[in-house]
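Encoded as C-alpha cells, the structure appears first; notes follow it.
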Amino acid sequence: GMGKGLFFLDKKTYITNYVCSIPRGNRYRLFSSGIKWEEKLFFLPFNYNGMLVYNTITNDFKYIEFESRYKGKAQFAVSFMSENNIVAIDIYREHVCVVININTYEVRSFDFGTYLDSESYLGRDYVVNGSKVYLTISNIPSILEIDYMDESVQLYTLEGVNDYFGTIA
C-alpha cells in the first residue's frame with residue numbers, strides 16, 4: 001500500500017534522509033503544509049481532519065483532531081506562526097480560519113465565507129499586521145482582512161479598479 005514518510009533535507013548538501021513513516025499515512029495527501037517551531041513540526045491537513053505534530057527530539061507523533069467537516073475539503077495553504085498560535089486559512093473551498101494554540105493544542109475556528117461567493121478563492125500571498133491578515137480575492141478587486149484574534153472580517157473594495165490581483169505585499 002501507499003505509505004507516507006518523513007524526510008529531512010540537508011540544505012547544504014541536498015542529501016535527503018528518511019526519518020520515519022507517518023502513522024495513518026495510507027491516504028492520499030494527508031497534509032498540505034507544515035510549520036517548524038522550536039523542536040516541533042506541525043503538519044496542517046489537506047485530506048485529514050486534524051493536524052499532525054512531530055517532536056524532532058523525542059521522535060513522537062501527536063494528532064490534534066479538527067472538526068470532521070474539514071476532512072478533505074479545506075486546504076490550509078496559508079499558514080503561519082503568531083506568538084503561541086498557528087494560524088491556518090483555507091483559501092479555496094471552506095473559507096475558514098483555524099487557530100491552534102501550540103502549548104495547549106486548543107483549536108478554534110471561524111468561517112468567513114459570507115464575504116465571498118462560491119467561485120471565490122484567496123491568493124496564496126498574504127500580509128500580516130498584528131493579528132490581522134490581508135489577502136487578495138480571485139475574482140473581485142478587493143482585499144480581505146481577517147483578524148484571527150477577535151474573529152472579525154472586513155472586505156475592502158478597491159474603488160476605480162477593474163482588475164483583481166493574485167498577490168499582495
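Predicted model only: the values in this text are computed from it and were never measured.
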Discussion item. Applying side chain to side chain donor-acceptor pair (under 3.5 Å), can you list everything that pairs with Ser79, at least two apart in sequence or on another chain?
Written reply: Ser33
Fill in: Heavy-atom side-chain proximity of Val87 to Phe80 below 4.5 angstrom
yes
Interatomic distance, [X] atom [atom1] to [Y] atom [atom2] [nearest 0.5 angstrom]:
| X | Y | atom1 | atom2 | value |
| --- | --- | --- | --- | --- |
| Lys11 | Phe8 | NZ | CZ | 11.5 Å |
| Ile146 | Leu155 | CD1 | CG | 10.5 Å |
| Arg124 | Leu135 | CZ | CG | 12.0 Å |
| Tyr105 | Phe42 | OH | CZ | 5.0 Å |
| Asn85 | Arg108 | CG | CZ | 6.5 Å |
| Ile102 | Asn84 | CD1 | CG | 5.0 Å |

Fill in: side-chain contact (heavy atoms from CB on, under 4.5 Å) partner of Leu144, the single match among Phe112, Tyr126, Tyr134
Phe112
Closest heavy-atom contact between [X] and [Y]?
| X | Y | value |
| --- | --- | --- |
| Cys97 | Tyr148 | SG-CB, 4.0 Å |
| Lys62 | Ile64 | CE-CD1, 3.6 Å |
| Val127 | Ala169 | CG2-C, 3.6 Å |
| Cys20 | Phe61 | SG-CZ, 3.4 Å |
| Val78 | Gly123 | CG2-O, 4.1 Å |
| Phe110 | Asp147 | CZ-O, 3.8 Å |

Fill in: Stepwise side-chain contact (heavy atoms from CB on, under 4.5 Å) check, Leu158 with Ile143
CA-CA 8 Å; Leu158 304 173; Ile143 303 294; 4.2 Å; yes
Item to complete: Verify side-chain contact (heavy atoms from CB on, under 4.5 Å) between Met51 and Ile86, making sure each step is shown before the conclusion.
Response: CA-CA 11 Å; Met51 178 177 67; Ile86 292 175; 4.2 Å; yes
Worksheet item: Should we say atom OH of Tyr14 is surrounded by more than 12 heavy atoms from elsewhere, each under 6.0 Å from it?
Response: no
Between the main-chain N or O of [Y] and the side-chain N or O of [X], is there a donor-acceptor pair closer than 3.5 Å?
| X | Y | value |
| --- | --- | --- |
| Thr56 | Glu39 | yes |
| Lys36 | Glu38 | yes |
| Asp111 | Gly113 | no |
| His95 | Ser120 | yes |

Worksheet item: In the hydrophobic clustering that connects Ile, Leu, Val, Met, Phe, Trp and Tyr at side-chain heavy-atom distances below 4.5 Å, which members other than Ile15 occupy its cluster, ordered by chain and number?
Response: none
Practice prompt. Using the side-chain contact (heavy atoms from CB on, under 4.5 Å) rule, take Leu44 and Ile100 through it: C-alpha gap first, then chi angles, then the decisive distance, then the call.
Written response: CA-CA 10 Å; Leu44 296 161; Ile100 306 114; 4.2 Å; yes
Worksheet item: Any chance the side chains of Tyr54 and Asn59 put a donor and an acceptor closer than 3.5 Å?
Response: yes
Fill in: Candidate pair Leu122 and Leu116, rule side-chain contact (heavy atoms from CB on, under 4.5 Å), full reasoning
CA-CA 9 Å; Leu122 302 174; Leu116 306 169; 4.1 Å; yes
